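For the single chain, residues carry numbers from 1 onward in sequence order. On a predicted model such as this, the values are computed, not experimentally measured, just so you know.
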Amino acid sequence: LIDLDDKSAWFLWGKIKRNHHKESKFTLSVRQIAEYASVSKDKGASLIKQLVKAGVIRELSKAKQSTKERKAGIYQRCV
């Protein structure tokens, strides 16, 4: 996580860490991710990918947002 140069990813990780315990499962919609990190919805999706790649959270179910369907993603905090 230290290797991430993106300040928004750090901010999102801080919000997740504050609100969810270690090894707990939680849901986050695309809108919640964008609000947590104070970024656009497109940028929020890339931030989650960075956190999954860094190994601090695990993606159990992918979030989806389209004109007809909105589905929150299910994640698990690893660290």
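- The hydrophobic clustering, which links ILVMFWY residues whose side-chain heavy atoms are closer than 4.5 Å, places Val56 and Ile33 together.
- Residue Ala63 comes nearest to Gly73 through the heavy atom pair CB-N, 3.4 Å, listed as atom of the first residue, atom of the second, then distance.
- Judged as a side-chain contact (heavy atoms from CB on, under 4.5 Å), and not counting sequence neighbours, the contacts of Asn19 are Tyr36.
- Cluster membership check: Leu12 does not share its hydrophobic cluster with Val30, using side-chain heavy-atom separations under 4.5 Å among Ile, Leu, Val, Met, Phe, Trp and Tyr.
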Discussion item. Please determine whether side chain to side chain contact (heavy atoms under 4.5 Å, CB included) holds for the pair Glu69 and Lys64, giving the CA-CA distance in whole Å, both sets of side-chain angles, and the decisive distance to 0.1 Å.
Written reply: CA-CA 7 Å; Glu69 180 183 10; Lys64 226 185 235 187; 3.8 Å; yes
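- Contact of the Thr27 side chain with the Tyr75 side chain is not registered, since no non-hydrogen atoms from C-beta on lie closer than 4.5 Å.
- Atom NZ of Lys41 and atom OG of Ser29 lie 8.5 Å apart (nearest 0.5 Å).
- In the hydrophobic clustering, Leu60 connects to Ile74, either directly or through intervening members, whenever side-chain heavy atoms lie under 4.5 Å apart.
- Residues Ser8 and Leu47 share a closest heavy-atom pair of CB-CD1, 3.7 Å.
- Atom CZ of Arg58 and atom CG of Leu51 lie 14.0 Å apart (nearest 0.5 Å).
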Worksheet item: Under the side chain to side chain contact (heavy atoms under 4.5 Å, CB included) criterion, do Lys71 and Ser61 qualify, and how do the steps go?
Response: CA-CA 9 Å; Lys71 179 183 165 193; Ser61 175; 3.3 Å; yes
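- The shortest distance between side-chain heavy atoms of Lys25 and His20 does not fall below 4.5 Å.
- Residue Ile16 holds its CD1 atom at 4.5 Å from CZ of Phe26, rounded to the nearest 0.5 Å.
- Here the shortest heavy-atom pairing between Gly55 and Cys78 reads O-CB, 3.7 Å.
- Counting only heavy atoms from C-beta outward, the side chains of Lys22 and Val79 never approach each other to under 4.5 Å.
- Under the 4.5 Å side-chain heavy-atom criterion for Ile, Leu, Val, Met, Phe, Trp and Tyr, Phe11 and Ile48 are members of distinct hydrophobic clusters.
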Practice prompt. Output, in order, the C-alpha distance, side-chain angles, deciding distance and verdict of side chain to side chain contact (heavy atoms under 4.5 Å, CB included) for Glu23 and Arg77.
Written response: CA-CA 5 Å; Glu23 298 298 326; Arg77 186 178 154 197; over 6 Å; no
